[in-house]
Structures are given as structure tokens and as C-alpha cells.
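These notes are about the structure you will find just below.
Heavy-atom basis, side chains included; hydrogens, waters and symmetry copies ignored.
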Amino acid sequence: MQLAKRVETITPSTTLAITAKAGELKAQGFDVIGLGAGQPDFNTPDFIIDAAMEAVKAGHTKYTPTAGLPELKEAIINKLKRDQGFDYDKSQIIVGNGAKHVLYLLFQALLNPGEEVIIPAPYWVSYPEQVKLAGGIPVSIITTQEKHFKITVQDLEKVATSKTKALILNSPSNPTGMIYSKEELEPIAEFCLAHDILIISDEIYEKLVYNGNQFYSIAQISDAVKAKTVVINGVSKSHSMTGWRIGYAAADALLIKAMTNVASHSTSNPASVSQYAAIAAYNGPQESIESMRQAFEERLNTVYARLTELPGVSCVKPQGAFYLFPNIQKTSDACGFAQVTDWVAALLEEEKVAVVPGAGFGMSEYIRLSYATSLENLENALDRIEHFIKKHIQ
């Protein structure tokens with residue numbers, strides 16, 4: 001069978017691949033500690049589960065409008081007003097099957113063949129693949145640890161062309177956990193306005209911010225910037241609802257309509273029961289978010305201190321999300337491995353600790369570790385990693 005050329009360019013998700021391998025080893029009876037998870041390890045709060053069950057019993061199990069229930073759109077609008085002071089109406093909101101799906105709809109509705117999207121590296125693994133699937137060209141800006149993996153206007157000036165259609169900003173970032181300040185975002189916003197570049201602001205980790213740092217949305221800078229920004233968010237990370245698959249975009253009504261048209265011929269609508277759960281998540285008590293955030297902060301501070309004591313490891317302390325992104329090239333070299341990916345594979349095989357190689361995020365010298373697991377698991381994993389390094393170091 002001859003497949004479509006578009007799928008021949010796709011790179012499989014590194015995070016899903018490592019998770020699958022770890023799952024295979026667990027199924028074989030091995031004691032595997034997975035640090036590849038891109039999801040909170042907490043269960044969805046009870047009041048959200050209760051709302052979903054009530055929706056099922058009430059018969060809310062049918063098709064809904066393609067772009068989402070009006071009640072959920074209203075809850076999202078209220079959330080955006082409450083948290084960022086934004087004013088949107090329902091025509092500017094689309095709900096999808098997770099933020100990943102919403103991004104896919106966005107690129108399908110936005111990009112013509114050959115148009116370029118600027119993506120700072122390291123990046124979430126699906127950004128460039130989704131751009132390619134839409135016929136676009138992903139253009140990477142390689143950031144540095146010394147600059148905390150952030151881009152500047154000078155970086156944009158080097159890669160922006162007449163074909164540049166959009167810029168993706170992910171703050172807090174997956175995989176680095178870095179957060180852009182208002183002062184850092186302002187010149188980037190001005191550049192995008194001046195060059196007619198759409199800003200795609202992925203804010204899915206907005207609620208997971210630590211140690212006194214603060215989240216700021218680039219769309220808050222001005223009405224002009226807001227009009228040129230697509231805000232991407234959802235309940236997956238903030239409310240530990242990854243499996244419910246509810247994300248959304250807030251943007252210009254014309255773009256939202258185009259995304260809705262694409263969705264109408266692909267998924268029809270997000271799962272009805274999940275939408276009722278998301279309404280409860282946004283309208284209900286938010287204490288569970290804070291308790292989860294505090295747990296992640298404690299884990300971060302504990303793990304970061306131990307991780308940076310390991311031989312050759314260099315890491316900027318994350319400000320948000322739930323990942324660490326250390327440079328282990330010196331460690332890998334000292335252990336006698338040709339590439340970091342080989343080091344990662346050996347760590348899983350010998351010590352049964354699963355981490356994600358940085359190559360999938362555009363930075364081959366790094367690895368990503370998730371601290372979305374218990375402190376006990378994290379301490380145990382670091383013990384194993386330390387043992388692995390000491391065993392191999394030359």
C-alpha cells in the first residue's frame with residue numbers, strides 16, 4: 001500500500017514511544033519508574049467526576065455543537081475574564097478534544113503550503129509535526145540554556161521572512177518550565193504586530209507556576225496584541241483531566257469559524273460528558289489546583305537539588321510546568337555512550353528508569369524528566385540514575 005506523502009515526514013512522538021516501552025517492561029513484571037509522563041499523577045477532583053456522572057444520568061450523552069456547548073464556552077469566557085481580564089464572546093471560542101486537537105485544527109485552518117511557523121527550540125514534540133501535516137514549514141530558533149531557553153527580537157529578525165505566518169510561544173514551557181515575563185514579551189509582541197505575524201500562545205501549564213514566579217499572557221499586553229493572538233489552553237494539566245480531552249482556543253471569530261468547519265468534518269464535537277465535567281472544573285472550587293501546585297513545587301525543589309549534584313549534569317531551574325530539562329551531554333560522554341539517546345536507552349534497560357531524550361524536543365544534548373509522580377518514586381529514580389552513572393563513568 002502506498003501511503004500519503006504527508007505521513008512519511010512525521011516523526012513519531014518521543015514521549016509516547018518511551019511511555020510505551022516503559023509500559024512493556026512493566027507488563028513483563030519489571031519495577032519501572034516512569035519519568036516521561038506529561039500528565040499530573042493526581043486523580044481528577046471528585047466534584048468534577050460527580051458532575052460528569054450527573055451529566056450521564058441526565059442523558060447528556062448526545063452530539064453537541066461542533067465548537068462546544070454554549071455553557072462551556074461561557075465558563076471559558078468567565079475564566080479568561082477572571083484570570084487575565086480578557087473579554088471574548090462565544091464566536092471567539094472553540095472547544096476541542098484536548099489542546100493538541102485544537103492546535104491541529106488551528107494549523108489546518110491557518111496554513112497554506114510553504115508558509116512558515118517559527119518554533120523556538122526546545123519545543124513540544126507535536127508543534128513541528130502538526131505544522132508539516134498542514135503543509136507548512138516549521139522554522140526553529142535554537143535557544144540556549146544561558147538565556148534560559150527564551151527568544152528575543154534579535155532571534156526573530158534572523159529567521160522571519162515574507163512567508164512567516166505565525167510564532168508559537170509556550171509559557172510555561174514544555175519541556176523547560178521557563179516562563180516569559182511581561183518585559184520579555186512586549187518587544188516580541190511589537191515585532192509580530194509590525195510584521196503581521198500571528199502569535200500562538202500555548203498556555204496549558206498556566207496554573208502550574210512555582211517559587212514566587214508569575215504567569216503573564218502575551219495577549220494581556222494590549223487589545224492590538226490580543227487581536228493578533230490565539231490563546232490555547234484547557235483543563236488537562238490544571239485540573240488533572242488529561243484523559244477527558246478538553247482544550248480550547250480563544251481567537252478572532254473568523255479564524256474560530258474556520259477551525260469549527262474543519263472540526264465539523266473530522267470529530268463533529270468534543271465528548272459531551274467531558275464538556276460537562278469541564279464546566280464544573282471552571283465554575284467550581286479551585287482549591288484542588290493550589291494543592292496540586294504546592295505538591296509539584298515541593299517535588300521540583302527536592303529533585304532539582306539532587307539532580308544538579310550528579311556528575312556532569314547542568315540544569316536551569318524550571319519556573320513552571322512539571323518537567324526538568326537538564327543537559328547531560330558531559331555525563332553521557334563520561335559514561336562512554338556515543339549519544340544521549342543511547343544513554344537513555346541503557347538507563348531504561350539497566351535501571352528501569354524511563355526518561356525522554358531531548359532529541360524529540362529539538363535539543364539532543366538534553367533529557368526531559370517529569371516530576372509528575374510521588375516524591376518516593378522520584379527519590380528512588382534519582383538513586384538509580386546516580387548508581388547508573390557511577391557504574392558507567394570512565
What distance do [X] atom [atom1] and [Y] atom [atom2] have between them, rounded to the nearest 0.5 Å?
| X | Y | atom1 | atom2 | result |
| --- | --- | --- | --- | --- |
| K390 | C335 | NZ | SG | 12.0 Å |
| L103 | S126 | CG | OG | 8.5 Å |
| T164 | D196 | OG1 | CG | 10.5 Å |
| S181 | Q319 | OG | CD | 9.0 Å |

Do [X] and [Y] have side chains that approach each other closer than 4.5 Å (heavy atoms only, starting at C-beta)?
| X | Y | result |
| --- | --- | --- |
| Y282 | V235 | yes |
| I256 | D252 | no |
| L255 | L198 | yes |
| L185 | I221 | yes |
| L369 | F322 | no |
| F149 | S173 | no |
| L167 | P120 | yes |
| W244 | I49 | yes |

Donor-acceptor contact below 3.5 Å, side chain [X] vs main chain [Y]:
| X | Y | answer |
| --- | --- | --- |
| Q92 | D89 | yes |
| S272 | H60 | yes |
| K237 | G38 | yes |
| E386 | D383 | no |
| S274 | I246 | no |
| K150 | I179 | yes |
| R368 | G36 | yes |
| N170 | D202 | yes |
| E115 | K165 | no |
| S370 | A37 | yes |

Search all heavy atoms of [X] against all heavy atoms of [Y] and return the closest pair with its distance.
| X | Y | result |
| --- | --- | --- |
| T9 | K132 | O-NZ, 3.0 Å |
| C315 | Q145 | N-NE2, 3.8 Å |
| A219 | V225 | CA-CG1, 4.3 Å |
| T66 | S264 | CG2-N, 3.6 Å |
| V153 | P187 | CG2-O, 3.3 Å |
| Q130 | Y104 | OE1-N, 3.0 Å |

For [X] and [Y], does a side-chain donor sit closer than 3.5 Å to a side-chain acceptor?
| X | Y | value |
| --- | --- | --- |
| E116 | T161 | yes |
| E376 | N380 | no |
| Q39 | S240 | no |
| Q294 | E290 | yes |
| E54 | Y276 | no |
| Q84 | E206 | yes |
| K317 | N301 | yes |
| S217 | E203 | yes |
| D155 | T152 | yes |

| said: For a side chain to side chain contact (heavy atoms under 4.5 Å, CB included) check, start with the C-alpha distance between T143 and T176, then their side-chain angles and the critical distance, and finish with the verdict. | reply: CA-CA 11 Å; T143 62; T176 68; over 6 Å; no
With a 4.0 Å cut-off on N to O distance, would you call [X] and [Y] a salt bridge?
| X | Y | answer |
| --- | --- | --- |
| K207 | D83 | yes |
| E350 | R384 | no |
| K226 | D87 | no |
| E379 | R306 | yes |

| request: Begin with the C-alpha distance, continue with both residues' side-chain angles, and end with the deciding distance and a verdict on side chain to side chain contact (heavy atoms under 4.5 Å, CB included) for V117 and Y127. | output: CA-CA 9 Å; V117 178; Y127 292 145; over 6 Å; no
Within 6.0 Å of [atom1] in [X], more than 12 heavy atoms from elsewhere:
| X | atom1 | value |
| --- | --- | --- |
| Q214 | CD | no |
| K21 | NZ | no |
| K62 | NZ | no |
| D223 | CG | no |

[Y] reachable from [X] in the ILVMFWY side-chain graph, under 4.5 Å edges:
| X | Y | value |
| --- | --- | --- |
| M178 | I188 | no |
| V32 | I367 | yes |
| I137 | F107 | no |
| L133 | I168 | no |
| V159 | M363 | no |

| request: Report the C-alpha separation of V131 and I119 in whole Å, then their side-chain angles, then the decisive distance to 0.1 Å, and conclude whether the side chain to side chain contact (heavy atoms under 4.5 Å, CB included) test is met. | output: CA-CA 10 Å; V131 169; I119 308 175; 4.3 Å; yes
| field | Stacked cation flag K81 on F86, 6.0 angstrom / 45 deg | value | no
| Y371 ring centre to R299 NZ or CZ under 6.0 Å, with the angle to the axis within 45°? | no
| said: Could you go through I204 and I232, starting from their C-alpha distance and side-chain angles, then the distance that decides it, and tell me whether this counts as side chain to side chain contact (heavy atoms under 4.5 Å, CB included)? | reply: CA-CA 7 Å; I204 196 70; I232 304 290; 6.0 Å; no
| query | According to the interplanar angle, ranging from 0 to 90°, do the rings of F325 and F361 count as parallel (below 30°), tilted (30 to 60°) or perpendicular (above 60°)? | reply | perpendicular
| query | Where does the angle between the aromatic ring planes of H195 and F191 fall among parallel (under 30°), tilted (30 to 60°) and perpendicular (over 60°)? | reply | parallel
| query | Step by step, would you call Y304 with Y210 a ring-ring contact (aromatic ring centres under 6.0 Å, His included)? | reply | CA-CA 13 Å; Y304 179 79; Y210 317 116; over 10 Å; no
| request: With side chain to side chain donor-acceptor pair (under 3.5 Å) as the test, would you mind laying out the steps for T64 and Q275 before giving the verdict? | output: CA-CA 9 Å; T64 75; Q275 291 187 67; 2.9 Å; yes
